Amino acid sequence: MAGTLPNAPRVMKTVMDTDGTDDAALDELSEIWEDIRENYQESGNSDYDRTVLDCTARLAADPGGESAHVWTIGLTMMAPYLTWLPGEGVVRQAVAALEAADRTLREHHCAHDSHPYRSHDEAEDEHLVELLPALDDETAAWVEERPRDEWRCPLNAAGFARIALDIVHPGSVPDVPPRLPAEAKEAIDTLSALLHGYPKPWTDIDGEISSHASGLSGAAPADRAGRLMVVRAVTWYAVSGMVRTKSVLDDLIAAVEETLPHLADAVCGHDGHPSLPDSGPGAAELGIELSSAGGRNVYEQSRITSGRNPPLEQVVCPVLMAEIADETLSLLRERHDEIFGERDTSHADAEYLRADGRLDIEKLVERTDHKSWNEQYADDLALWAARRHAQSDERDRAVLLLVARQAVSNSYPAPPLAVVRGVLSTMRPVAAAPLPAGCSHPDEHPTLRYARFREGMAHFWDPEAFPPGAETRSPESWTCPRFAASVAEGCVAELRGLYKDEEPSDAG
């Protein structure tokens, strides 16, 4: 929808008072209403409440009057605030006035074939601030496709009353263009930021993901498919290692388990099913859209208009949803065990010990290098080294402590709980051990980065097989208790509190 011409003079059009209140300049009112529309996320804003109630009172005083189109459009602009947290009684009074206006105005008759409200969607709301002052001012430029008299028609005013009602109570009005509920838009915005890896500063990540598990558990039958799609989307994020609270994955698993019986007997006559979005943000957005009647209406309208989207009944088909639920549950259970379950490292002996039972120092040096391809080895290597530490001699203990430290730093995005506990059970005693007043060696402690570390550790462990590198440290510096304590303290600081449900302990 186009607005008034940018260069058109602003005319201070006054809405004549019909209910005993002061006259109000429509330009000013529309600007105030637009500010509320743009910044509706306010809780109990008394100024907003007074503005809404003033508009409500004017409409209620003469619901079928000549100015009704102004007040119904004004309440349409401010309706998003009514979906947030307005003051007590504000929504009730506004809805009562809108319903009364709709009833009264629909009794009128006109010769118009149609009215602007029938094609007025959410994207066009931002133009109402410019349209209103020009609507009753015949001297103002008018570039709308539909003439002024259709906009001022009582039946169009009734239509905008119903648009406002549909914003407040999504899906309650059948004959107006569908809109995505305000809370759905907020959910999409929040989840999109989270699943792109940049959550909003105020987002409680665990709480946000668990809330969608609750949404699936309590979903009405018509909303269940959409809610399952959202859980599918947040599952990918949760099992990636970005979530380290066991109860979050427990909640997701329970929600999908509760959903499966509803889909157990699903049958359909479809020749096939559409491919659902395979990116987290895209899958979440579609799921949220299909989780409400208003959203499903938006989807269908978009499908009809664009001709691109598959039919809704195929997208939410119970047979397809059963497949989605099975795949999601399988992934959740698998990753739940990997992240929070016990971990067997017995296979690592064959990987990191030579045939004679001694450490394979070359492989250990190679696998502790800070390279992305070593992430796949990091968890098992860190835990294996930590578990082997206590039963080794002094030279091997020095190496294994460093291997555990370096490997756990390579874990991405974070080591599983069993690895954290196992490494901490080794690091904490080392960090807490009594230390000599000073070091017994004259040289500095080894560097823990770059080629100097890799060359130095191999030379320390087997000086005959591995020549000294650019930086050589004495054997005493590698086995120095103060060096070991420093390494262990850094590791403990990095891992402590990493898991929220169960504080890592010495167990395991």
Side-chain angles (χ1 to χ4, degrees), residues 1 37 56 59-60 63-64 68-69 71-83 91-125 127-128 145-146 150-188 219-227 286-307 309-317:
M1 175 188 298
R37 187 190 72 82
T56 296
L59 180 62
H69 61 277
W71 313 126
T72 58
I73 290 176
L75 287 173
T76 296
M77 295 171 70
M78 295 185 285
Y81 171 64
L82 299 179
T83 69
V91 174
R92 176 179 52 79
Q93 294 181 61
V95 166
L98 288 165
E99 290 176 340
D102 181 34
R103 287 193 301 270
T104 303
L105 292 165
R106 277 209 270 186
E107 294 177 355
H108 290 257
H109 299 281
C110 73
H112 300 134
D113 293 332
S114 186
H115 297 92
Y117 83 88
R118 290 190 173 276
S119 60
H120 184 89
D121 59 28
E122 182 179 0
E124 296 173 313
D125 286 351
H127 300 297
L128 294 175
E145 293 181 4
R146 311 299 289 269
E150 286 188 8
W151 276 93
R152 291 196 295 246
C153 179
L155 294 183
N156 191 58
F160 271 89
R162 294 196 296 281
I163 288 176
L165 288 168
D166 191 59
I167 295 172
V168 178
H169 298 302
S172 63
V173 178
D175 66 338
V176 298
R179 296 183 176 219
L180 199 62
E183 64 179 15
K185 291 185 290 183
E186 290 303 312
I188 289 173
D223 300 339
R224 187 174 292 127
R227 293 294 182 184
L286 177 61
I288 292 170
E289 184 176 49
L290 300 184
S291 296
S292 67
R296 289 189 289 274
N297 290 338
V298 168
Y299 177 91
E300 274 295 274
Q301 184 183 61
S302 174
R303 182 185 71 82
I304 294 170
T305 303
S306 68
N309 298 330
L312 180 62
E313 66 270 14
Q314 292 183 15
V315 177
V316 301
C317 175

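Along the sequence shown, residues carry numbers from 1. None of these values were measured; they are calculated from a predicted model.
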Would you check if the side chain of Thr76 reaches a backbone N or O of Phe160 as a donor-acceptor pair within less than 3.5 Å? yes
Any salt bridge linking Asp166 with Arg179? Criterion: basic side-chain nitrogen under 4.0 Å from a carboxylate oxygen. no
Is it the case that the side chain of Ser302 and the backbone of Val298 share a donor-acceptor pair, with hydrogens and angles ignored and the cut-off at 3.5 Å? no
Quick one: do Arg303 and Leu312 satisfy side chain to side chain contact (heavy atoms under 4.5 Å, CB included)? Show the steps, please. CA-CA 9 Å; Arg303 182 185 71 82; Leu312 180 62; 5.7 Å; no
Run the numbers on His169 and Val95 for side chain to side chain contact (heavy atoms under 4.5 Å, CB included), then give the verdict. CA-CA 9 Å; His169 298 302; Val95 166; 4.1 Å; yes
Arg146 vs Arg118, side chain to side chain contact (heavy atoms under 4.5 Å, CB included): CA-CA, chis, key distance, verdict: CA-CA 12 Å; Arg146 311 299 289 269; Arg118 290 190 173 276; over 6 Å; no
Looking at side-chain heavy atoms only, is the closest gap between Arg103 and Glu99 below 4.5 Å? yes
If every non-hydrogen atom of Ala60 is compared with every non-hydrogen atom of Ala97, which pair is closest and at what distance? CB-CB, 4.1 Å
Donor-acceptor contact below 3.5 Å, side chain Arg296 vs main chain Leu290: yes
Please determine whether the number of non-hydrogen atoms from other residues, nucleotides or ligands lying under 6.0 Å from atom CD of Glu313 exceeds 12. yes
From CA spacing to verdict: side chain to side chain contact (heavy atoms under 4.5 Å, CB included), Tyr117, Ile73: CA-CA 10 Å; Tyr117 83 88; Ile73 290 176; over 6 Å; no
In short, Gly295 meets Pro181 closest at the heavy-atom pair N-CD, 4.1 Å
Looking at CD of Glu150 and SG of Cys110, how far apart are the two atoms once the value is rounded to the nearest 0.5 Å? 8.0 Å
Taking atom CD of Glu300 as the centre, report whether more than 12 heavy atoms of other residues, nucleotides or ligands fall under 6.0 Å from it. yes
Could you give the distance from NE2 (His108) to CG (Asn156), rounded to the nearest 0.5 Å? 13.0 Å
Out of curiosity, Trp151 CH2 to Leu128 CG, how far, rounded to the nearest 0.5 Å? 6.0 Å
Beyond-backbone contact of Leu180 with Ile188, side-chain heavy atoms, under 4.5 angstrom: yes
From CE (Met77) to CD1 (Ile167), nearest 0.5 Å: 11.0 Å
Closest non-hydrogen contact found for Gly64 with Leu105 is CA-CD2, 3.8 Å
When rounded to the nearest 0.5 Å, the distance separating CG of Leu98 from OG1 of Thr56 is 6.5 Å
Aromatic rings His112 and His115: how do their planes relate, parallel, tilted or perpendicular, breaks at 30° and 60°? perpendicular
Gap between atom OG1 of Thr104 and atom CG of Leu59 - 0.5 Å precision: 9.0 Å
